[in-house]
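The structure displayed is predicted, hence computed values, not measured ones.
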Amino acid sequence: MENHLKPSVLLLLLSAIGLITLPHVAHLPWPLWGVFFALLLWRLLGVWRPHYLPNSTVIFVLLLLSVALLVSQHTGVWGRDAGTAVFVAALGIKLLELNKKRDVYLVSYLAFIVAASQFLYQQTIAMAVYSLLVCCVLLAALVAVNSDRLQNKAALRTAATIMMQALPLTAIIFVLFPRVQAPTWALMDNDNKQAQSGLSETLEPGSINRMALSPKLAFRVKFNGEPPPKNQLYWRGPVFSYTDGTVWTMSHNDNVVYYQDKLTFSGKAYRYTLLLEPQNHQWVYALDMPEQFDATLRRNGNYQLISRTKPGNAAEYTLVSYPQFNTGYLTKTEYRENLQLPDMSSQRIVDLVKQLHGFEAQPELFIQQVLDYFRQQHFSYSLQPPLMKNNPIEHFLFETRNGFCEHYATAFVYLMRVAGIPARVVGGYQGGEFNAVGRFLEIRQANAHAWAEVWLDGKGWSRVDPTTAIAPDRVEQDVNVQQQVKTGSVSLSPIKAKSGDEQFGLKQAEQLWNSLDYHWQRRIVRYGTENQAMLFSFMGLVSLVEIVFWMTASIGLALLLLAVFLLRNLHKQEAPAVKAYRQFCRKMAKAGVVIGIGEGANDFAIRAKITKPERADLIDDITQIFVRLRYQRSVCKHDLKLLKKRIKAL
């Protein structure tokens, strides 16, 4: 048996491996994937120049260098990144030893693992389709290795057929196989965390306007019914109470929750499902103010929802919120925290508070005075305000008068505190683009926002958004994310495309794709124990025995349908040599010699020659040619023609 690989098969295999590893360029350090593709090109060169391939000593040295590279690029040996890097490095080294069939099997198994590891980084529809296609190419290489007579195109068709036949079984097992909640493996904690864009634990000038240039998705929300008006779409995130005059930080005094007044809600309630994208924090951005939430969440002393699970994965929550609420009285701790100032305020700021009657007027009147000050003193709203390093609040109020939402929110809160009114900055998101196809809201990083909360007697914490004083459209209209990212400037009025316009068609296509991705994430990626339990309940399956029965019955039915399909097309797919041999058998049957059930070609030839000795030579020729065509790997291209000629002469 010939053990060496054909160049065409090697090219197909190496192409599949290159395509499988390509997506990891975005996840692995560049020295590592650079070395891998260098080894791949080296092996590719060896297809035409085998003497260029290294010997075992050189391969061993390369192995040691790869281990050194792995150690230098990773802080540990556990975790997603380190594990993926090990498999990629092993795959690259093994390519240089790719010479025989057993090497193909080992390389293919490694390549399948590398393909599966891609889903540890992203689980999009595009990645699923891409992985399926490249795995089909890899399977085609295995088919070609085990069938010398198949060309690459035929091997690809065979591989595609095998995968299509496997899809129904995969779907049944995916849906019905009992799911066990996977543990949070400690080994995953050592990964070098990839930076996820989003809000930070600190707030300073420029921290949010940088996010406004990111079209990356933050979360999606689907309401049970009509969504709230746009000016009520405030998605609550971290609350910033402490400041040194430049940077604002969160309060971590969670014990205050035990002493707070009971929340009261009024007005219309909104029930919705929130699908959160992976992030670095355990924050859940609920519509302000959440009243009902999942058991996996808790509400801290700042009325922010916190997940009890570790961050880093997409998550789905069912929530109920009331835009109208009252937080009640203020605790001593909250009062002290939300009047904190870094030091004595400058005389200019004190004079401004006096000018606006902050020390003697009612809080509501002073709030209105400050908002009027922003409107009337030529303040402007910009994504690219001038740099303000020292005394940014004073610099903003009296010099530049140009800023983004965090500039207005922090300056407003600072003035409130100087006047003795408890106030704080709230970070989160505002608004969201409505997807008309899927009927859900898409909230992106460009929707990041900061506003203020002021404590008022009888009302509790009340939202005041100073940005609306100079840019009311910010909360009344959708942010034009594409235009804002493209121009680098605030774009609050989406372009209205008419039906039939090219832009309208592109927008419709984008929303359709986003809708498909939304349902993919909810129905496929997020399909877990809870979803499966709901499905089993709907099907009336209670016990494990019933579940196993239905799964076995479904798999059996799928296999039966597949068998019927294959047997139905068996004769259509019959090899030309077999068709010709059947014609030979029919001719012999007419001559009185019928082939028995299960009788082999050689045994039948012996019996036929005894019955028809005058045709013995012709029977021998036909049998030998058929056996050679049917069972030998290397055959002459003219053998089939010769077989048909001999049968015709019979």
Side-chain angles (χ1 to χ4, degrees), residues 203-209 212 229-236 239-240 243 248 288 323 338 345 348-359 361-386 388 392-419 421-431 446-456 459 461-480 484 489-493:
L203 182 69
E204 57 185 315
S207 58
I208 291 186
N209 61 291
K230 286 185 171 61
N231 59 8
Q232 292 184 5
L233 292 175
Y234 283 84
W235 309 97
R236 192 179 187 88
V239 177
F240 304 98
T243 180
W248 293 71
D288 207 6
N338 295 290
S345 301
R348 297 175 75 184
I349 290 181
V350 173
D351 290 343
L352 177 61
V353 173
K354 287 181 179 179
Q355 176 188 336
L356 300 176
H357 308 290
F359 294 115
Q362 291 295 317
E364 290 89 343
L365 180 59
F366 179 57
I367 290 170
Q368 191 58 49
Q369 292 277 43
V370 174
L371 296 179
D372 289 341
Y373 178 78
F374 287 151
R375 291 189 192 98
Q376 298 166 5
Q377 296 301 316
H378 307 292
F379 281 81
S380 59
Y381 187 59
S382 172
L383 269 176
Q384 298 176 339
M388 294 172 277
I393 291 176
E394 187 173 350
H395 197 69
F396 167 70
L397 288 172
F398 303 109
E399 304 296 336
T400 65
R401 301 190 178 188
N402 182 292
F404 201 51
C405 58
E406 68 267 34
H407 297 85
Y408 287 94
T410 54
F412 178 88
V413 168
Y414 198 93
L415 292 175
M416 292 295 116
R417 291 186 177 188
V418 171
I421 302 171
R424 58 193 184 183
V425 181
V426 183
Y429 297 86
Q430 201 286 321
N447 294 108
H449 194 53
W451 59 93
E453 277 188 337
V454 178
W455 188 85
L456 300 174
K459 298 180 180 179
W461 286 109
S462 302
R463 180 173 61 242
V464 179
D465 191 348
T467 302
T468 60
I470 42 87
D473 287 347
R474 173 62 183 84
V475 299
E476 295 291 344
Q477 299 186 18
D478 295 331
V479 174
N480 190 335
Q484 188 161 288
S489 59
V490 177
S491 181
L492 300 178
S493 300

Verdict with reasoning, L415 to L397, per side chain to side chain contact (heavy atoms under 4.5 Å, CB included): CA-CA 10 Å; L415 292 175; L397 288 172; 4.0 Å; yes
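- Checked against side-chain hydrogen bond (donor to acceptor under 3.5 Å, both in side chains), Q369 has no partners two or more places apart in sequence or in another chain.
- The two atoms that bring V353 and A419 nearest to each other are CG1-CB, 3.9 Å, heavy atoms only.
- Remark: side-chain polar atoms of R417 are paired, donor with acceptor, to backbone N or O of A423 under 3.5 angstrom.
- Not a single donor-acceptor pair under 3.5 Å links the side chain of Q430 to the backbone N or O of N231.
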Intermediate values then yes/no, side chain to side chain contact (heavy atoms under 4.5 Å, CB included), M416 and I367: CA-CA 8 Å; M416 292 295 116; I367 290 170; 3.8 Å; yes
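- Counting all heavy atoms, side chain and backbone alike, A448 lies closest to C405 at O-SG, 4.5 Å.
- When all heavy atoms are compared, the tightest approach of P466 to A452 is CD-N, 4.2 Å.
- With a 4.5 Å cut-off on side-chain heavy atoms, W461 and V239 do not count as touching.
- Annotation: ring-ring contact (aromatic ring centres under 6.0 Å, His included) contacts of W248 (sequence neighbours excluded): none.
- When the salt bridge (Lys or Arg N to Asp or Glu O under 4.0 Å) test is applied to D465, no partner is found at least two apart in sequence or on another chain.
- Evaluation of the salt bridge (Lys or Arg N to Asp or Glu O under 4.0 Å) test over residues 366-382, restricted to residues two or more places apart or in two chains, returns D372-R375.
- Using a 4.5 Å heavy-atom threshold, the side chains of F412 and V425 count as separate.
- The aromatic rings of Y408 and Y381 lie tilted to each other, with the angle between the two planes from 30° to 60°.
- A 4.5 Å side-chain heavy-atom check between R463 and V426 finds every atom pair outside the cut-off.
- The minimum heavy-atom distance linking S462 with L456 is given by the pair OG-CD1, 3.9 Å.
- Sorted pairs that involve residues 361-371 and meet salt bridge (Lys or Arg N to Asp or Glu O under 4.0 Å), not counting sequence neighbours, are lacking altogether.
- Between G431 and W235, the shortest heavy-atom contact is O-NE1, 2.9 Å.
- Here the CD atom belonging to Q368 is positioned 5.5 Å from the CG atom belonging to L371, to the nearest 0.5 angstrom.
- Going from atom CH2 of W451 over to atom OG1 of T468 covers 12.5 Å, rounded to the nearest 0.5 Å.
- To the nearest 0.5 Å, atoms OH (Y414) and CD1 (I393) are separated by 6.0 Å.
- Side chains of P323 and Y234 form no contact here, defined as non-hydrogen atoms less than 4.5 Å apart.
- To the nearest 0.5 Å, atom NE2 of residue H357 and atom CZ of residue F359 are 12.5 Å apart.
- Y429 OH to H449 NE2: the interatomic distance, rounded to the nearest 0.5 Å, is 13.0 Å.
- Counting all heavy atoms, side chain and backbone alike, I349 lies closest to F398 at CG1-CE1, 3.9 Å.
- Looking at residues two or more places apart in sequence or on another chain, you find a salt bridge (Lys or Arg N to Asp or Glu O under 4.0 Å) between R424 and E453.
- Taking 4.5 Å as the limit, every side-chain heavy atom of T410 sits out of range of all side-chain heavy atoms of T243.
- Rounding to the nearest 0.5 Å places CD of E406 at 10.5 Å from CZ of F240.
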